[in-house]
Chemist: 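Pasting a structure below so you can have a look.
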There are 2 protein chains.
Amino acid sequence: MQSYTEENYLKTIYHLAERTTNVQTNAIAEQMQTKPASVTDMIKKLADKGLVDYIKYQGVTLTEIGKNTAIDIVRKHRLWEVFLVDKLNFKWDEVHDVAEELEHIKSVELIERLDEFLGFPKADPHGDPIPDKNGRFAKTQFIKLIELKVGDSGTITGVSQHSSAFLKHLEKLGLTLGKQIQISDVTDFDGSVEIKLSDKQVNISREVAKHILISSNGKN
Amino acid sequence: MQSYTEENYLKTIYHLAERTTNVQTNAIAEQMQTKPASVTDMIKKLADKGLVDYIKYQGVTLTEIGKNTAIDIVRKHRLWEVFLVDKLNFKWDEVHDVAEELEHIKSVELIERLDEFLGFPKADPHGDPIPDKNGRFAKTQFIKLIELKVGDSGTITGVSQHSSAFLKHLEKLGLTLGKQIQISDVTDFDGSVEIKLSDKQVNISREVAKHILISSNGKN
DNA sequence: AAAAATTTTTAGATTTACCTAAAAATTTAA
DNA sequence: TTAAATTTTTAGGTAAATCTAAAAATTTTT
């Protein structure tokens with residue numbers, strides 16, 4: 001059984017490990033809004049519990065058990081986000097903080113029943129995949145919008161940025177999950193992208209285009 | 001802002017204050033499964049924060065703020081219990097522990113939307129009243145089943161015992177909330193009560209009868 | 001391959017919520 | 001109304017998770 005804090009460390013390490021193999025102390029500290037010295041302390045504790053492998057000065061990796069624990073927290077977080085949006089009518093930019101709390105409620109029964117109540121969703125309101133109760137993720141085929149060429153089309157199926165400001169911006173432009181899009185132009189000057197939606201045309205900056213994920217339905 | 005632990009103390013004091021005016025240190029300790037010395041420490045802290053009035057050796061009472069905080073936690077607990085039973089199909093004897101955790105999730109928006117989603121329920125699965133968002137309880141008129149005379153009838157609307165064993169027992173006898181009952185006999189020997197339900201007759205001990213609450217529809 | 005810069009760890013404190021043991025106050029009983 | 005029993009508080013300590021400041025290890029730069 002892990003404490004609230006231990007769970008947060010495991011989750012953070014899990015997410016950071018999606019980018020690098022050995023997760024560094026400073027990276028964890030920055031992510032968790034704490035100091036490197038505190039991270040070192042906690043890492044030792046997690047290592048003692050067999051949740052991470054740790055070599056001094058070399059960063060950490062999750063053990064099998066540590067990884068499973070982290071995935072379980074991710075699962076809970078994303079299921080609660082679906083609940084908040086689908087059942088309680090929260091907007092996709094409003095759910096993160098509450099889900100950060102709900103993810104720590106300890107009851108296997110609760111999550112299994114919630115999963116069923118929600119219809120066993122495969123993705124959360126931002127398109128992030130929800131692992132099943134065995135920790136397995138559905139395979140996802142995302143391409144960053146920025147990588148598409150003029151004429152390519154696809155469906156918005158995710159975002160790689162969860163800040164409220166970014167999500168509100170997309171909402172305003174009508175770029176929400178499930179929308180069909182086609183690239184009509186890419187501006188040489190600043191790399192901004194002109195996008196054709198079913199009913200209108202919108203222009204987004206290169207920065208925004210980087211964080212929209214598309215499930216492609218073929219090149220032109 | 002209160003900690004998880006402070007919230008639990010306030011809730012415990014609130015419930016104990018339903019029986020006695022000045023809540024004693026030992027009573028709190030017993031209820032919270034902790035030691036009197038720890039309670040004294042926490043009481044001082046709560047007094048410093050203006051949540052309880054405290055005179056050494058005389059026990060505590062909640063201040064207006066403390067009471068409102070406690071009522072808010074009770075509200076959250078009971079709403080979550082309704083969610084668990086109505087939406088996730090938990091049984092009424094399975095919800096307490098999970099609700100003990102859920103009641104500490106801090107989001108006003110969440111609870112208001114949950115309340116709406118559940119249809120603004122007035123009572124939880126055990127018949128306990130749910131305060132509205134201003135902390136006001138609907139007036140309830142309960143009589144203990146034990147106080148009814150032979151021939152009296154009414155509707156089961158609550159229980160004053162929440163142990164899983166007790167609730168499972170009632171479930172098995174078919175004595176669940178909303179059921180119409182009539183007292184057909186009270187045994188002189190042991191005070192056990194014979195009850196007529198719509199479809200059957202059941203016998204319950206005096207001890208069980210003490211903890212069933214009835215909204216009476218008149219004497220015979 | 002030293003020197004400089006960065007990263008990480010250690011050492012020693014702090015805060016919260018506990019604890020035990022002993023002292024003090026209050027209540028009950030003789 | 002003392003003595004005994006009970007309740008409550010105080011005093012001193014512990015474990016978890018944090019911190020600052022300084023030391024040690026590693027990496028980068030020259």
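Each chain gets a letter, A, B and so on, in the order its sequence line appears, and its residues count up from 1.
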Chemist: Measuring to OP1 and OP2 of dT10(C), would you say a side-chain N or O of Lys44(A) lies under 4.0 angstrom away?
Modeler: yes
Chemist: Among the nucleotides dT8(C), dC19(C), dT9(D), which one has an atom lying closest to any side-chain atom of Lys35(B)?
Modeler: dC19(C)
Chemist: Test side-chain hydrogen bond (donor to acceptor under 3.5 Å, both in side chains) on Glu81(A) and His126(A) and set out the steps.
Modeler: CA-CA 9 Å; Glu81(A) 285 198 346; His126(A) 315 103; 3.1 Å; yes
Chemist: Identify which one of Asp128(B), Asp124(B), Asp115(B), Asp132(B) satisfies the salt bridge (Lys or Arg N to Asp or Glu O under 4.0 Å) criterion when paired with Arg75(B).
Modeler: Asp115(B)
Chemist: Applying side-chain hydrogen bond (donor to acceptor under 3.5 Å, both in side chains), can you list everything that pairs with Lys122(A), at least two apart in sequence or on another chain?
Modeler: none
Chemist: Is there a donor-acceptor pair closer than 3.5 Å between any side-chain N or O of Thr34(B) and the backbone N or O of Glu30(B)?
Modeler: no
Chemist: Using the side-chain heavy atoms of Ser38(B), tell me which of these nucleotides is nearest: dT10(D), dT26(D), dC18(C).
Modeler: dC18(C)
Chemist: Taking only the side-chain nitrogens and oxygens of Tyr9(A), find out if one of them lies under 4.0 Å from OP1 or OP2 of dT18(D).
Modeler: yes
Chemist: Could you give me the CA-CA distance, side-chain angles and deciding distance for Thr187(B) and Ser192(B), then say whether side-chain hydrogen bond (donor to acceptor under 3.5 Å, both in side chains) is met?
Modeler: CA-CA 5 Å; Thr187(B) 310; Ser192(B) 68; 3.2 Å; yes
Chemist: Looking across every strand, which nucleic acid part, if any, lies under 4.0 Å from Thr25(B) by heavy atom: base, sugar-phosphate, or nothing?
Modeler: sugar-phosphate
Chemist: Can you check the Ile43(B) CD1 to dT9(D) C1' distance for me, whole Å?
Modeler: 10 Å
Chemist: Over all heavy atoms of both residues, which pair between Asp93(A) and Ser164(A) is shortest? Give the atoms and the distance, please.
Modeler: OD2-OG, 3.3 Å
Chemist: With a 4.0 Å limit, can you tell me whether Lys56(B) has a side-chain N or O closer than that to the phosphate oxygens OP1/OP2 of dT10(D)?
Modeler: yes
Chemist: I need the CE-C1' distance between Met32(A) and dT18(D), as an integer number of Å.
Modeler: 11 Å
Chemist: Could you state the atom-to-atom distance from CE of Met42(B) to P of dT15(C) in whole Å?
Modeler: 16 Å
Chemist: Looking only at the side chains, is there a donor atom on one of Glu103(A) and His77(A) sitting less than 3.5 Å from an acceptor on the other?
Modeler: yes
Chemist: Stem list for DNA chain D, please, built from Watson-Crick and G-U wobble pairs under 3.5 Å and keeping only runs of at least 3.
Modeler: C:1-30 with D:1-30
Chemist: Given atom CD of Glu6(A) and atom C1' of dT18(D), what is their separation to the nearest angstrom?
Modeler: 14 Å
Chemist: Would you say a side-chain N or O of Asn26(A) is under 4.0 Å from OP1 or OP2 of dT6(C)?
Modeler: no
Chemist: If you look at every strand shown and take non-hydrogen atoms under 4.0 Å, does Tyr4(B) touch a base, only sugar-phosphate, or nothing?
Modeler: nothing
Chemist: Relative to the 5' end of DNA chain D, which residue comes earlier, Pro36(A) or Gln58(A), by the nucleotide with the nearest heavy atom?
Modeler: Pro36(A)
Chemist: Starting at atom CD1 of Ile55(B), determine the distance to atom P of dT9(D), rounded to an integer number of angstrom.
Modeler: 11 Å
Chemist: Whole Å only: how far is the CG atom of Leu46(A) from the P atom of dA16(D)?
Modeler: 13 Å
Chemist: So, is Gln24(A) close to the dT8(C) phosphate, meaning a side-chain N or O under 4.0 Å from OP1 or OP2?
Modeler: yes
Chemist: It should be established whether Tyr54(A) places a side-chain nitrogen or oxygen under 4.0 Å from OP1 or OP2 of nucleotide dT8(C).
Modeler: no
Chemist: Assign Thr5(B) to base, sugar-phosphate, or nothing according to its heavy-atom contacts below 4.0 angstrom with the strands shown.
Modeler: sugar-phosphate
Chemist: Write down the distance between CG (Asn22(A)) and P (dT8(C)), rounded to a whole number of angstrom.
Modeler: 11 Å
Chemist: So, Thr69(B) side chain and Ile65(B) main chain: donor-acceptor pair closer than 3.5 Å or not?
Modeler: yes
Chemist: Ignoring backbone atoms, test whether Thr34(A) places a side-chain nitrogen or oxygen under 4.0 Å from the OP1 or OP2 oxygen of dC19(D).
Modeler: yes
Chemist: How many Å lie between CG on Asp41(B) and P on dT20(C), as a whole number?
Modeler: 13 Å
